[in-house]
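Here is the structure we will look at, set down as structure tokens.
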Amino acid sequence: MSTGTNASNKAEQNVQQNIPQLKRRLTGFLPQEIKAIDSIIPLQSRSLWTKNKAKKIGSEEDFDEKFVNHVETTLARSLYNCDDMAAYEATSLSIRDNLVIDWNKTQQKFTARDPKRVYYLSLEFLMGRALDNALINMESPEGSTDKHANSRDMVSDSLQNLGFKLEDVLKQEPDAALGNGGLGRLAACFIDSLTTQNIPAWGYGLRYEYGIFAQKIIDGYQVETPDYWLNTGNRWEIERNEIQFPVTFYGYVDRQDGNRSTTEPSQWIGGERVIAMAYDFPVPGYKTTTVNNLRLWKAIPTTEFDFAKFNSGDYKNSVAEQQKAESITACLYPNDNFEAGKELRLKQQYFWCAASLHDILRRFKKTQRKWSEFPDQVAIQLNDTHPSLAILELQRVLVDLEGLKWDEAWDIVTKTFAYTNHTVMQEALEKWPVSLFGKLLPRHLEILYDVNWFFLQMVAKKYPNNAEILSSVSIIEEVNPERQVRMAFLAIVGSHKVNGVAELHSELIKTTIFKDFVDIFGASKFTNVTNGITPRRWLKQANPKLAQLIKDTLNDPDENYLLDMTKLTKLADYVDDKDFRNKWNDVKLQNKNTLADLMKKFNDGKDVVDREKLDDTLFDIQVKRIHEYKRQQMNIFGVIARYLDIKELLSEGKSIEEIEKVYPRKVSIFGGKSAPGYYMAKLIIKLINSVADVINNDESINGILKVFFIPDYNVSKAEIIIPASDISEHISTAGTEASGTSNMKFSMNGGLIIGTVDGANVEITREIGEDNIFLFGNLSEKVEDLRAAHRYKSDDFPESLDRVLSALESGIFSPDNSNEFKPLWDSIRYHGDYYLVSDDFESYLATQKLIDETYHYQREDWVKKSILSVANIGYFNSDRCIEDYAETIWNVEPVVPE
Ligand SMILES: *Cc1c(COP(=O)(O)O)cnc(C)c1O
């Protein structure tokens, strides 16, 4: 290797000198190193440490001092150049200091008690903004005699005195948008609740440089722009330079004795090697000093140097190789409910699973417990199939590195993992070509084959001479041209529990995609935990006015209802109180005004809705990822139908006043991103914008109908949009939406729902009462037959829809290209109408009519329904989910701080 030049000798010397550091980088801290660090501070010095312990903010003065200190030292600025952004940064740093103090205490306590911990593995954490949430969750200053009821008010006053407005400061924060939609936001709600419930828990994910793309709407089309959220720095993360693990890919498997079985210890000689470095995000809980940790991994190059390249003068390429490492965590894959099967994605998954597992194993090994105790100490929850590789990685570590027998190891593995399924749709089920899998992870493929072999042997014993069931449950799918790894099957076989996310969904997985596994493992392995949302963010933070009204009405000055949502049922006592109903309606009106401001901002500064008539304008909202199964197309077809009706009445000579009695004022609001490669979803966005263009500019209808697409839907926009809804749409084809969580968010904010009998809509109906929700459409049981029927007759759909499609075909919404929306009508007319728009359209329109009538002519009833929705939505808070998981799946207990 050596060419003997001076330069390379020098470089080599450098590396030699840095070996201890290199070693640490490659292994992370070993148990003996931790001990060594522990003894660094001599006993006699420790009292000095105790005396100078970091102190939490206890008063306005404390905050002022910390704030100015951070401005002047951390940010190296002064009162002469401290803008809102700097104020945001200094506030965040000050509050983060508080969190870190509690975080340290929490971790020390967990280390001392060594309770069972929960590890929530999720490729996505859609956190949104952190500061307001931290302020809300922060304990009131301990033992302080301060006049402030809570820390948020205190910081608000402080900032006011320092020359800033909290509201403006909060707006400076970019969203942490490390997720696509519901699945990622669920993970974010769960870590909030895990901490609030004082459960020792860690979230593990990836620190993407680019989160979900920012959406721009240009000429009606979605245009994706990169979300470089770290551009302005991230004041919430703690870079853990000292926590680094090597992760390898490719290479080959070495068994010195070639005859040895693959179930015996083998050596994987990896090819490519990168380092996983930890970034920590402290996660506060509500009214508790427990602070858990969200650990996100970043890929960085190894410090091992390619001397061959370097010495041959190819410095540039040796650096380029290193840079490739960072591409692993460069960006989030922007698909929601769709799997694309790209190599880099599989690499991301392994990188993340390997780093997280090594971290978990390191923590376990510090306790020097026996391996058999591992499942008593560790529960790992797989959020969808994305982390299924962790199952194989744990088996590999136990067999290859720790020397456990295969069966012993597998027993530990299956007792440790549990898997949450998020979909029954085929296109969303994760599969990997065996060849790609084996190339990237040769040893894991061997282990996978063995896992499958033992599993199929067990099945064969149970079902002798039944080849059919063997091929139907095999983790390897034998298909041409390529065999595929079925990740969901791996997750089931490697877990002790499998759960769906709403009752209907959990039943569906048992009777459809996982039916055979219920026969094999028994029904008790399959369970349900209906999703939930955190009321701290989705009620208190998003809707402070409603929270205030609830607090006053329930006479709950400490807002304990945010921890015990059953208290909300008391609101039902006030439905007949006219004064209360007026206040309730007034909150909604103010929130609609705030949303009107947002729409105005995206409408070149022109109002979309008439502010004078806000209370008479129904806000009809559908915000979520754009997907054919979610049926935004049906919503916009409904809008077109309404517009055509209005135009027809006009042409019959009816006055606008008369028409308005039939079609009262309404604005249809949309928002959501489409996957960049999802052609039909993008076309739906374009259609919505084209329809908006025609309707909003048609002066003949006098503004009684408006359509608006809000660009770049994300968590912080959701916090403005959701509290302003009168009605929101959750209208997926029955059986396709696993749960939905925005349905819960809207209900919790007093918005009514129009929905199909799908996902959590079913349970929401049960809780809030069927009189308080607008359900319509075919049931999931009928979907299969309806689809079959479409295959035989293609022209069998209602006149109302035919009229809409004909209008589209006529080109009134696409004057420059009358065929622009052809794929949308073709999919219904000629391609089997897979999402059953034609079957549900009539009942959809009829239900919309009922909604118009109720909102405009029975407003008192409407407001009662709204109050009853909030009163009975308590079940859908994520604290309940976490209690459910803790009891039925994880077997963990809270560790309550003193
Ligand atoms: C809650 C939420 C979602 C999920 O919405 P569904 O309607 O349940 O699909 C998606 N995106 C954001 C930003 C959310 O807050």
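Since this is a predicted model, take the numbers as computed values, not measurements. The analysis underlying the following values was restricted to heavy atoms, covering all of them including side chains, and did not include hydrogens, waters or symmetry mates. We count ligands from 1, going down the list as the structure has it; atoms in each ligand are counted the same way.
- Between Glu237 and Arg207, at least one side-chain nitrogen of the basic residue sits less than 4.0 Å from a carboxylate oxygen of the acidic one, meeting the salt-bridge criterion.
- Between the Asn872 side chain and the Leu868 main chain, a donor and an acceptor come within less than 3.5 Å of each other.
- Sorted by first and then second residue, the side chain to side chain donor-acceptor pair (under 3.5 Å) pairs with a member in residues 752-766 read Glu503-Arg766, Thr530-Glu763, Ser732-Asp758, Asn743-Asn761; sequence neighbours excluded.
- Residue pairs meeting the salt bridge (charged side-chain N to carboxylate O under 4.0 Å, His left out) criterion with at least one member in residues 677-687, sequence neighbours excluded: Glu224-Lys682, Lys686-Glu820.
- Salt bridge annotation for Lys782-Asp839: absent, with no cationic side-chain nitrogen under 4.0 angstrom from a carboxylate oxygen.
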Does ligand 1 have any N/O pairs with the protein under 3.5 Å, and how far apart?
unit_1: ligand 1; atom_1: 7 (O); unit_2: Lys624; atom_2: NZ; d: 2.8
unit_1: ligand 1; atom_1: 7 (O); unit_2: Ser742; atom_2: OG; d: 2.6
unit_1: ligand 1; atom_1: 8 (O); unit_2: Thr741; atom_2: N; d: 2.8
unit_1: ligand 1; atom_1: 8 (O); unit_2: Ser742; atom_2: N; d: 3.0
unit_1: ligand 1; atom_1: 9 (O); unit_2: Lys630; atom_2: NZ; d: 2.8
unit_1: ligand 1; atom_1: 15 (O); unit_2: Lys745; atom_2: NZ; d: 2.6

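- Residues passing the side chain to side chain donor-acceptor pair (under 3.5 Å) test with His730, sequence neighbours excluded: Lys624, Ser728.
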